[in-house]
Amino acid sequence: MIEMMVEKIVAGAISFDRLLLFLQSFIALLLTAGLIKCVQWTVKALRRRQPGLPLPPGPRGLPVVGYLPFLGTEDLHVTFKELADRYGPVYKLWLGNKLCVVLSSPEAVREVVRDKDVIFANRDSGVASRVIMYGGNDIVFSDYGPEWRTMRKTFTHQMLGNSSLEASYGLRRDAVKNGVKEVYARVGSCVDIGYIGLLTVINSMAAMIGGESFLEADGRQERADDGGGSGLRDILTELMVLLGAPNVSDFFPALAWLDLQGIETRAKRVFARFDGLIDKAITRSQNKPKQVEKEVQQGKGSTDFLQRLLGLQDSESSLSLAKIKAMLMDTMVGGTDTTATMVEWTLTELMLQPQVMKKVQDELTEVVGLSDLVEETHLVKLKYLDAAVKETMRLHTPVPLLVPRRPVETTEIRGYRIPKDARIFTNVWAIQRDPSLWDNPRDFTPERFLNCASKKWDYSGNNMQYLPFGSGRRMCPGFALAEKSVMHIVASFLHCFNWQVPEDVKIGVETKFGIVLKKRDSLVAIPTPRLSNLELYA
Ligand code: HEM
């Protein structure tokens, strides 16, 4: 909005007097908001004097803005960890007029996601997430209740259950093969692995949710030279930026109508593009519903999630079209950037440690053989790769603060009072690097995940020391698919190619904070073929 005004002033469309008037009104508004805030604080302070449990400790902020000016814009998880070192594993801070509580120990997390899971089962959504996720009517941001339960059950059953995943394997396999082909086309030159990884994941996910309909709607045919899915890639990149951007409107709802950073406007624009794509895919898909209805009646799975959902429309578990669309959005937003980021981080760590890379490749040669491509059936035998991926998920946990939760009533955690509607951050990044829980936590050591016969280190969220997919009722329903996809893509890229880091390139592990913690600089390396039979690359 500010950019638009500046443009108009430069173009002479807004006079200086009008601008002055606007600024005066704006300052008056801020002062009024500040005054209201002061009154609210006084009332709250008076209430706090009532006997009962104390609020958690925490840093003092400034009036009105709270701790916001001290947070900086980068690496929120690191700032939160530093504050935990000072204030303990449960502390509070005010961001604008939002009370936030940060958890940084397994004991505190257990109380929230296990002992009091129902109280903390709601999300705390922001303006951008409400615009992008169909008014918060999706699985990620819906309030805990019957509608959320039906959506989640349908999602898990129709897309992520074992039989559904088996039925859609062919679609994932094609996408991974295309990814390998993309790399092969660039043999001998520098390849941006993050980019090809992301395209592979997007193509795989798009194929699973909408089959050909979705990819055709994305104009895949016209974009074949770009690996397909490029319209979707642009849309998803923008969506993730907007969902992760700190938004003044969320911390000062009274100012939301001003949309000071223009986030809401941008969110509406990119949402309209994605929604248009889904509409096209639905129209294409509706041309073949008969076959699906028959399959659903026979209890047989179709391979296309969208068709299955549309096929269910007249049945008991019927969902509105808006909810179906929201679930497709969940899949693309929740499943693509996270998975692709893990592919890139795993390959980064392996390239930084050639001896570990060699162990992974030796294992691939033994299990798969140099005259074959990796299949998902091989994954269960790739124990060392599994340990390397788990170690990557520990060190570079993709969603460092999980998705914030919100208690439906005032409650107690570790002896502190947690007020209703506070925003709860869980700093998994800090827990998974805590030296009191892990030996040499900053080292990349896959061996720590090897030979654990017990389920101690799986992704189920039962161990509060290791929870990259969260835990409890709201934990990630896509973890089995994510595990398969990361393993399959990493295994394929390492089995099919040897990788050389260019001499003038230094691989870094610097991060770019967002909902998903990404690598700041793309991973670049030069591939050479590794398989004995070159026809496998065709
Ligand atoms: C490496 C990949 C992935 C990671 C690290 C990841 C991580 C997470 C995390 C941390 C949460 C929040 C959990 C909590 O609050 O306790 C979450 C929620 C969710 N994820 Fe994932 N995810 C991944 C892949 C996927 C995939 C592939 C899908 C779907 C196809 C998916 C769909 C969802 C959905 C729908 C939710 C919301 C669940 C709810 O609120 O009930 N995710 N994910």
Side-chain angles (χ1 to χ4, degrees), residues 77 103 109-110 112-114 117 120-125 129 133 136-145 147-156 158-161 164-165 168 171-172 197-198 201-202 204-209 236 240 243 305 323 326-346 389-390 392-394 396-406 423-429 431-432 459-462 464 466-490 515-518:
H77 55 296
L103 312 172
V109 177
R110 176 177 299 281
V112 167
V113 300
R114 282 293 146 104
D117 196 15
F120 286 94
N122 278 354
R123 299 285 190 203
D124 194 31
S125 59
S129 51
M133 310 310 263
N137 270 318
D138 66 321
I139 303 176
V140 184
F141 292 102
S142 275
D143 278 351
Y144 175 64
E147 291 202 348
W148 167 81
R149 215 173 286 121
T150 308
M151 272 195 291
R152 186 159 167 137
K153 209 168 128 195
T154 311
F155 193 56
T156 311
Q158 297 296 334
M159 179 159 175
L160 301 168
S164 310
L165 285 182
S168 57
L171 299 169
R172 291 194 297 284
L198 181 60
V201 175
I202 289 178
S204 168
M205 219 60 91
M208 280 176 69
I209 65 173
L236 287 169
M240 296 310 283
L243 284 172
F305 183 47
K323 287 216 183 306
M327 283 161 74
L328 299 187
M329 182 67 100
D330 277 338
T331 314
M332 293 310 282
V333 168
T336 51
D337 221 20
T338 43
T339 306
T341 298
M342 279 321 297
V343 168
E344 193 175 12
W345 277 122
T346 309
V389 171
K390 286 201 166 105
T392 311
M393 293 261 191
R394 180 191 69 80
H396 304 285
T397 196
V399 192
L401 300 173
L402 299 187
V403 185
R405 303 218 184 178
R406 176 170 58 84
R423 177 177 291 193
I424 313 295
F425 290 103
T426 305
N427 197 344
V428 169
W429 181 87
I431 294 174
Q432 293 185 175
Y459 297 119
S460 63
N462 288 326
M464 301 298 142
Y466 184 67
L467 51 165
F469 294 93
S471 180
R473 278 176 176 70
R474 300 300 296 241
M475 93 164 268
C476 177
F479 73 93
L481 170 61
E483 182 182 10
K484 276 184 199 300
S485 303
V486 173
M487 290 273 291
H488 194 188
I489 298 172
V490 170
I515 276 202
V516 176
L517 192 59
K518 303 220 253 192

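Only this structure's heavy atoms are used, side chains among them; waters, hydrogens and symmetry mates stay out. Remember, it's 1-based here, ligands and their atoms both numbered in the order they're listed.
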Is there a donor-acceptor contact under 3.5 Å from the side chain of R123 to the main chain of V140? yes

Specify the protein heavy atom at minimum distance from atom 5 (C) of ligand 1: its residue, its atom name, and the distance to 0.1 Å. P398 CG, 3.4 Å

Counting C-beta onward and ignoring hydrogens, is there a side-chain heavy-atom pair between V333 and M133 closer than 4.5 Å? yes

Against the six-membered ring of Y144, is R149 placed for a cation-pi contact (under 6.0 Å from the centre, within 45° of the normal)? yes

Nearest protein heavy atom with distance in Å, relative to atom 30 (C) of ligand 1: T331 CG2, 3.7 Å

So which protein heavy atom does atom 8 (C) of ligand 1 come closest to, and at what separation? C476 CB, 3.5 Å

Closest to atom 12 (C) of ligand 1 (heavy atoms only, candidates V403, L517, V112) is V403

Using a strict cut-off of 4.0 Å, indicate which atoms of ligand 1 neighbour a heavy atom of W148. 39 (C), 41 (O)

Report the nearest protein non-hydrogen atom to atom 13 (C) of ligand 1: residue, atom name, distance rounded to 0.1 Å. R474 O, 3.3 Å

Report yes if some heavy atom in the side chain of L402 is under 4.5 Å from a heavy atom in the side chain of R474; otherwise report no. no

At under 4.0 Å between heavy atoms, is it the side chain or the backbone of F155 that contacts ligand 1, or both, or neither? side chain

Note: L467 and V428 closest approach over all heavy atoms is O-CG1, 3.8 Å

Heavy atom of the protein closest to atom 37 (C) of ligand 1 (residue, atom name, distance): V140 CG2, 3.6 Å

Under 4.0 Å from a heavy atom of V399: give me the atoms of ligand 1 that qualify, with their elements. 7 (C), 10 (C)

State the atoms of ligand 1, each with its element, that fall below the 4.0 Å cut-off from a heavy-atom position in L402. 10 (C)

Are R405 and D117 within salt-bridge range, i.e. N to O under 4.0 Å? yes

Determine, step by step, whether T346 and M487 satisfy the side chain to side chain contact (heavy atoms under 4.5 Å, CB included) criterion, reporting the C-alpha distance in whole Å, the side-chain angles of both residues, the deciding distance to 0.1 Å, and the verdict. CA-CA 9 Å; T346 309; M487 290 273 291; over 6 Å; no

Would you indicate whether the side-chain heavy atoms of I202 and M332 approach each other to under 4.5 Å? yes

Under 4.0 Å, heavy-atom basis, I'd like to know which part of S142 is in contact with ligand 1: side chain, backbone, both or neither. neither

What I'd like to find out is whether the side chain of L236 reaches to under 4.5 Å of the side chain of D337, using heavy atoms alone. no

Answer yes or no: does an N/O atom from D330 fall short of 3.5 Å to an N/O atom of ligand 1? no

Around atom 15 (O) of ligand 1, find the nearest protein heavy atom and jot down its residue, atom name and distance. R123 NH1, 2.8 Å

With atoms numbered from 1 as shown, which atoms in ligand 1 lie under 4.0 angstrom from a non-hydrogen atom of R405? 14 (C), 15 (O), 16 (O)

Quick one: which ligand 1 atoms are inside 4.0 Å of a heavy atom on I139? 39 (C), 40 (O), 41 (O)

Pull out every atom of ligand 1 sitting under 4.0 Å from any heavy atom of G335, numbered as shown with elements. 25 (C), 26 (C), 27 (C), 28 (C)

Near P468, which atoms of ligand 1 are under 4.0 Å from a heavy atom of that residue? 5 (C), 7 (C), 10 (C)

Any N or O on R152 sitting closer than 3.5 Å to an N or O of ligand 1? yes

State, to 0.1 Å, how close R423 and P404 come at their nearest heavy-atom pair, and which atoms those are. CG-CB, 3.7 Å

For a 4.5 angstrom cut-off between non-hydrogen side-chain atoms, does T154 reach M327? yes

Examine T338 against ligand 1 and note whether any of their N/O atoms are separated by less than 3.5 Å. no

Can you tell me the protein heavy atom closest to atom 6 (C) of ligand 1 and the distance? F469 CD2, 3.6 Å

Measure the acute angle between the ring planes of F469 and Y459, then classify it against the limits of 30° and 60° as parallel, tilted or perpendicular. perpendicular

In this structure, atom 25 (C) of ligand 1 is nearest to the protein heavy atom G334 O, 3.3 Å

Given side chains that start at C-beta, do those of L165 and R172 come closer than 4.5 Å, heavy atoms only? yes

Distance under 4.0 Å to a non-hydrogen atom of A482: what atoms of ligand 1 satisfy this? 1 (C), 2 (C), 24 (C)

